[in-house]
Asks: 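The structure follows.
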Amino acid sequence: MNTSNESSYKPTVKGRLQALMTSLFIKFPKDPGLSVRQYANQLYNNEEVIELTDGGKYTAETIRSYYYRVNGSVNPERDLAQYKTEDITTDKEVKEVDWRTIFKAANDYKQVLQSHTKSATDAIWSIKTNKPICIVNICDSHIGSWGTDHDLVQKVIEEIVNTPNLYVILSGDLIQMAIKMRSVAEVSDNLLPPKWQYKVLESIMKEIKHKVIAATWCNHAVEREEKQIGYSPTAMMLEDNVIYFNGIGHLQLNVGRQTYNVAVSHLFRGRSMYNPTHGQMRYLRDEAPWVDVCLAGDSHVPGLLTYTSGGKTKVAINGGSTQTSSSYAQRYFSLKTHPVFPCFTLDPKDHQINTYWSVKQWLNR
């Protein structure tokens with residue numbers, strides 16, 4: 001073979017594959033019917049790390065790469081050597097998850113947060129007295145709404161502050177807080193900006209907190225704030241000042257020598273168009289038969305019912321509203337909104353509960 005012919009020789013693809021595999025010390029198959037390309041295909045489809053006769057280990061991915069690059073590879077043995085798995089080192093740490101350790105940390109964190117939580121589910125309130133006390137259920141004042149009679153709100157607040165032996169339980173929707181972006185008309189009902197609604201309520205609480213037995217959650221302020229920013233500034237302010245229930249709350253009221261049990265929430269499941277106290281009655285029957293009085297609001301329809309159940313006297317009360325000109329209520333419920341807040345008295349000597357349609361009725365008894 002002359003020199004000129006050798007210099008112009010270009011190997012075929014089969015020749016290149018054979019040269020590549022020979023340079024890598026790959027043993028050719030003993031099966032004479034298996035071509036070099038077929039053997040290369042076997043290497044290409046191999047999912048294991050392949051160990052060659054030179055002691056080097058190559059992944060299947062490397063074989064795939066050089067199977068396609070064989071025609072353009074100048075020195076495949078040199079290129080392939082950099083991919084030897086035994087030559088690669090890393091400081092990556094591989095750690096296993098220990099679920100018990102994570103559970104312990106979660107429980108510890110939970111206990112720390114709960115130890116700093118001021119809201120309650122059960123609470124005790126006591127007063128030393130020889131005279132009956134009156135408790136009024138105030139709710140749905142909707143301070144800051146265009147539809148609210150703020151003169152009437154002021155009258156209610158001053159009545160609470162200036163009337164001896166009168167105490168209050170706040171059952172929600174004290175401010176309008178129309179911040180749920182579902183309707184332009186609804187959001188436009190904020191006569192006062194949300195910030196100032198909050199500040200007004202904070203100012204009121206400073207004045208009446210010594211008369212407030214407890215307060216509870218609501219949908220207008222607490223739930224809307226939680227949905228918009230993840231927590232409720234209104235709830236935090238209330239729990240800093242008085243007993244606060246972030247859901248249904250049970251109160252043990254020790255009045256003189258007597259103990260009374262009261263349940264309060266902004267609303268209770270079950271609504272009847274014929275009985276505004278239906279949800280309260282259902283709760284007393286199904287969930288808390290030992291409770292004497294159950295209070296709520298939300299529907300803006302005052303209700304007062306004294307009845308017997310299981311041989312015990314029960315009282316169910318629903319509050320009215322000072323939002324006397326609500327376009328929503330006037331369209332879907334009634335033209336009449338009653339700014340009426342029923343109340344009840346607890347006797348310190350005998351276990352006796354008396355009910356009144358209003359504080360005025362109680363004072364004029």
Side-chain angles (χ1 to χ4, degrees), residues 135-150 152-153 156 168-178 180 182-183 185-186 189 197 201 214-227 234-235 238 245-249 262-288 291 293-307 314-344 355-359 361:
I135 300 174
V136 59
N137 177 41
I138 298 296
C139 60
D140 298 281
S141 52
H142 293 277
I143 294 168
S145 166
W146 280 96
T148 295
D149 185 339
H150 290 91
L152 184 56
V153 174
V156 170
V168 62
I169 293 177
L170 304 173
S171 54
D173 279 2
L174 304 176
I175 53 181
Q176 176 67 359
M177 201 56 68
K180 190 172 183 179
R182 61 183 175 184
S183 164
E186 181 180 358
D189 190 54
Q197 293 179 37
L201 180 60
T216 189
W217 70 282
C218 64
N219 61 302
H220 264 255
V222 175
E223 279 197 338
R224 288 179 177 181
E225 290 168 346
E226 289 173 345
K227 289 176 180 178
T234 300
L238 290 172
F245 301 114
N246 207 32
I248 296 171
V262 176
V264 58
S265 183
H266 183 54
L267 61 92
F268 289 91
R269 289 179 59 194
R271 182 68 61 84
S272 168
M273 62 185 295
Y274 303 109
N275 178 10
T277 64
H278 176 75
Q280 291 88 312
M281 295 175 68
R282 175 194 168 278
Y283 186 76
L284 292 179
R285 181 185 64 247
D286 296 345
E287 301 288 342
V291 168
V293 183
C294 191
L295 309 173
D298 184 59
S299 67
H300 295 199
V301 182
L304 174 61
L305 182 65
T306 302
Y307 64 103
K314 304 283 186 180
V315 174
I317 291 178
N318 203 73
S321 174
T322 52
Q323 190 183 34
T324 55
S325 184
S326 167
S327 59
Y328 182 81
Q330 290 171 354
R331 282 182 175 178
Y332 297 103
F333 298 106
S334 173
L335 287 174
K336 307 296 183 183
T337 295
H338 299 278
V340 175
F341 303 97
C343 57
F344 59 99
T355 59
Y356 302 89
W357 196 240
S358 66
V359 171
Q361 187 185 59

Asks: Can you list the residues that meet the side chain to side chain donor-acceptor pair (under 3.5 Å) rule with R282, with sequence neighbours excluded?
Replies: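 Per chain and number, R282 pairs via side chain to side chain donor-acceptor pair (under 3.5 Å) with no residue.
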Asks: What residues, two or more places apart in sequence or in another chain, satisfy side chain to side chain donor-acceptor pair (under 3.5 Å) together with D149?
Replies: none
Asks: By side-chain contact (heavy atoms from CB on, under 4.5 Å), which residues pair with T234, not counting sequence neighbours?
Replies: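 Once residues adjacent in sequence are excluded, the partners of T234 under the side-chain contact (heavy atoms from CB on, under 4.5 Å) criterion are I175, Y198, L201, A221, E225, S232, L238.
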Asks: Over all heavy atoms of both residues, which pair between A296 and C139 is shortest? Give the atoms and the distance, please.
Replies: O-SG, 4.3 Å
Asks: List for me each residue that meets side chain to side chain donor-acceptor pair (under 3.5 Å) alongside T322, sequence neighbours excluded, and say none if there are none.
Replies: none
Asks: Under 4.5 Å between any side-chain heavy atoms of N219 and K227, yes or no?
Replies: no
Asks: I'd like to check the ring pair (Phe, Tyr, Trp, His ring centres under 6.0 Å) partners of Y332; sequence neighbours left out, ordered by chain and number.
Replies: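 Partners of Y332 under the ring pair (Phe, Tyr, Trp, His ring centres under 6.0 Å) test: Y328.
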Asks: For Y307, which residues count as a side-chain contact (heavy atoms from CB on, under 4.5 Å) partner, sequence neighbours excluded?
Replies: M281, L284, L305, S309, K314, A316
Asks: Between Q197 and M177 (side chain of the first, backbone of the second, donor and acceptor by atom type, cut-off under 3.5 Å), is there such a pair?
Replies: yes
Asks: Does a donor on one side chain and an acceptor on the other come within less than 3.5 Å for S145 and D189?
Replies: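 Looking only at side-chain atoms, D189 and S145 do form a donor-acceptor pair, the distance falling under 3.5 Å.
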Asks: Please tabulate, for side-chain N and O atoms in residues 334-342, each donor-acceptor pair with protein atoms closer than 3.5 Å (sequence neighbours left out).
Replies:
from : atom 1 : to   : atom 2 : distance (Å)
S334 : OG     : K336 : N      : 2.9
S334 : OG     : K336 : O      : 3.4

Asks: Provide the full list of salt bridge (charged side-chain N to carboxylate O under 4.0 Å, His left out) pairs with a residue in residues 267-280, sequence neighbours left out, each pair given once.
Replies: R271-D298
Asks: Spell out, as yes or no, whether a donor-acceptor pair under 3.5 Å connects the side chain of T277 to the backbone of G303.
Replies: no
Asks: Are H220 and Q323 close enough that some pair of their side-chain heavy atoms sits under 4.5 Å apart?
Replies: no
Asks: side-chain contact (heavy atoms from CB on, under 4.5 Å) with R331: which residues, sequence neighbours excluded?
Replies: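 With neighbours one apart ignored, the set is empty.
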Asks: Could you pull out all residues at least two apart from E287 that satisfy salt bridge (charged side-chain N to carboxylate O under 4.0 Å, His left out)?
Replies: none
Asks: Quick one: does L295's side chain get under 4.5 Å of F344's, heavy atoms only?
Replies: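 Yes - at least one pair of side-chain heavy atoms lies under 4.5 Å apart.
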Asks: Can you name the side-chain contact (heavy atoms from CB on, under 4.5 Å) partners of V168, sequence neighbours left out?
Replies: V136, I138, I160, L170, V212
Asks: Is the shortest side-chain heavy-atom distance between Q280 and S265 below 4.5 Å?
Replies: no
Asks: Using modelled atom types only, decide if a donor and an acceptor are shared between the side chain of S141 and the backbone of L174 within a distance under 3.5 Å.
Replies: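 Between the backbone of L174 and the side chain of S141 there is a qualifying donor-acceptor contact (under 3.5 Å).
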Asks: With S171 as reference, evaluate N137, N318, T216, D140 under the side chain to side chain donor-acceptor pair (under 3.5 Å) test and give the passing residue.
Replies: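 Only match with S171 under side chain to side chain donor-acceptor pair (under 3.5 Å): N137.
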Asks: Determine whether V264 and W217 make a side-chain contact, defined as any pair of heavy atoms from C-beta on separated by less than 4.5 Å.
Replies: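 Sidechains of W217 and V264: no contact.
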Asks: With sequence neighbours left out, what residues match T306 under side chain to side chain donor-acceptor pair (under 3.5 Å)?
Replies: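 Only T355 meet the side chain to side chain donor-acceptor pair (under 3.5 Å) criterion with T306.
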